[in-house]
Novice: 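Quick one: this structure, given as structure tokens, is what I'll be asking you about.
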2 protein chains.
Amino acid sequence: MTDTKTALLRSAERAARTKGFDGFSYADLAADVGIRKASIHHHFPAKADLTLAVMQRYHVAFAETCDRIDAAHTTGGARLHALIAAYRSALGNGEMVCLCVAFSISRDHITTDVRAAMGDFRQMMLEWLTATFTRGNGDGTIAQVADPAAEARAALALLEGAQLAARTQADPTAFDAALALMSSRLG
Amino acid sequence: MTDTKTALLRSAERAARTKGFDGFSYADLAADVGIRKASIHHHFPAKADLTLAVMQRYHVAFAETCDRIDAAHTTGGARLHALIAAYRSALGNGEMVCLCVAFSISRDHITTDVRAAMGDFRQMMLEWLTATFTRGNGDGTIAQVADPAAEARAALALLEGAQLAARTQADPTAFDAALALMSSRLG
DNA sequence: GTCTATACACAGATAGAC
DNA sequence: GTCTATCTGTGTATAGAC
């Protein structure tokens with residue numbers, strides 16, 4: 001993979017998370033990366049190819065983030081706290097959201113491949129969250145866990161909704177405000 | 001307001017909530033309503049005018065929904081349950097989201113007026129939710145309420161995030177799954 | 001109030017030179 | 001691998017007839 005290809009993926013991810021799938025063009029990427037837009041087609045023949053590659057790269061990167069969290073923290077509470085921090089830092093200054101959130105709005109304009117990749121990503125997150133709530137319930141570091149799978153579904157919706165709130169208000173502290181109750185349950 | 005204008009507003013709202021602000025065009029509306037796209041400019045000179053009108057109409061309609069809920073239910077728990085049902089039914093078959101959610105992704109492409117209207121809408125919802133959690137805490141119909149304002153912020157994020165989940169999976173029951181924990185707190 | 005016709009910008013994409 | 005040049009479709013918006 002050449003530097004140009006990586007630069008394109010990075011630029012496309014940022015653009016998608018800032019402006020949505022429909023909100024960025026090859027012209028934007030070309031200006032950002034410093035090549036002509038025709039050259040992008042050499043690396044990604046169609047925008048659908050680029051979009052799928054961005055999603056896959058994002059999935060791998062986030063899986064690594066989860067692995068790093070698991071390696072760095074042992075209790076469920078500490079792991080969940082670290083995940084919340086990861087979503088928080090992904091906000092930037094309140095202008096970005098998770099790739100899944102950005103794509104779900106443009107759902108009808110993206111290909112089946114990308115939709116499937118979005119489903120895979122969410123499934124991975126739900127499984128990680130379920131395991132983390134189960135662990136936090138066992139070690140007593142997450143309060144009031146009755147149903148870990150239900151907690152996981154609610155937590156993912158809360159994390160994504162909090163990102164939306166921060167973006168809508170262009171204020172990352174709106175994320176913190178939405179997560180305050182959840183955070184207060186972590187020991 | 002003529003029938004055509006109302007039809008345009010209705011069509012535009014549905015399109016925005018289904019495909020996002022960047023995802024529908026005057027051509028789409030024209031085909032849906034049954035006039036030519038040039039005729040739309042007679043009612044809404046620019047797309048920004050149409051978008052603002054859709055947002056304002058939505059705000060008024062949702063405020064009326066909240067009023068109807070307050071008139072029909074006395075306890076905090078029953079009112080919150082009714083609001084959850086309202087968000088649930090707004091999903092359609094999993095293809096639509098709340099207008100705020102749909103617009104927040106396209107935030108950089110919409111005008112200042114519309115952004116301000118989005119902020120007004122969210123503020124109204126937060127105030128209604130805070131009052132409802134306060135009431136539910138007082139009458140004992142919502143369990144474990146420590147901070148009504150914090151509950152309101154978390155609940156709004158959860159509702160919006162649950163809509164995203166349902167849309168991503170094209171399955172309205174994903175909304176129910178994300179709200180299950182919250183619903184179990186209502187007496 | 002709606003139409004046809006059109007202007008203008010920009011989208012994604014391709015051909016072919018270098 | 002990148003470029004210039006170009007194609008085709010579509011977007012918003014306008015002019016002027018009916």
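Predicted model, so just to flag it, every value in this text is computed and none were measured. The chains referred to below are lettered A, B, ... by the order of the sequence lines, with proteins before strands, and numbering in each begins at 1. Quick note: numbers below take in every heavy atom, side chains included, and nothing from hydrogens, waters or symmetry partners.
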Novice: Would you confirm whether B:T75, through its side chain, and B:A78, through its main-chain N or O, come within 3.5 Å as a donor-acceptor pair?
Specialist: yes
Novice: Would you call A:E95-A:R167 a salt bridge at under 4.0 Å N-O?
Specialist: no
Novice: Could you list by number each residue of residues 32-42 of chain A showing a heavy-atom separation from DNA chain D of less than 4.0 Å, or answer none if no residue does?
Specialist: A:I35, A:R36, A:A38, A:S39, A:H42
Novice: Using the heavy-atom set of chain A and a strict 4.0 Å cut-off, write down the first and last nucleotide of DNA chain D that makes it in, 5' to 3'.
Specialist: D:dG1 to D:dA5
Novice: Measure CG/A:L8 against P/C:dG12 and give the value in whole Å, please.
Specialist: 13 Å
Novice: Under a 4.0 Å heavy-atom cut-off, which of residues 48-55 of chain B touch DNA chain D?
Specialist: none
Novice: Supply the atom-to-atom distance A:Y58 OH to A:L9 CG, rounded to the nearest 0.5 angstrom.
Specialist: 14.5 Å
Novice: State whether the side chain of B:K47 and the backbone N or O of B:F21 hold a donor-acceptor pair below 3.5 Å, judged by distance alone.
Specialist: yes
Novice: Are B:E127 and B:R122 ion-paired here, with the side-chain N under 4.0 Å from a carboxylate O?
Specialist: no
Novice: Please check: side-chain N/O of A:R17 versus main-chain N/O of A:M96, any donor-acceptor pairing under 3.5 Å?
Specialist: no
Novice: May I have the distance from A:L29 (atom CG) to C:dA13 (atom P), rounded to whole angstrom?
Specialist: 12 Å
Novice: Looking only at atom types and distance, does a side-chain atom of A:S39 sit under 3.5 Å from a main-chain N or O of A:I35, one as donor and one as acceptor?
Specialist: no
Novice: Run the salt-bridge test on B:D28 and B:K19 with the 4.0 Å N-O cut-off and return the result as yes or no.
Specialist: yes
Novice: Would you say the side chains of A:D113 and A:T111 form a donor-acceptor pair under 3.5 Å?
Specialist: no
Novice: With rounding to the nearest 0.5 Å, note down the distance linking CG in A:L158 to CG in A:L179.
Specialist: 5.0 Å
Novice: Both A:P45 and B:T4 contact DNA chain C. Which one's nearest nucleotide lies toward the 5' end?
Specialist: B:T4
Novice: Which part of the nucleic acid does A:F44 contact within heavy-atom distance under 4.0 Å: base, sugar-phosphate only, or nothing?
Specialist: nothing
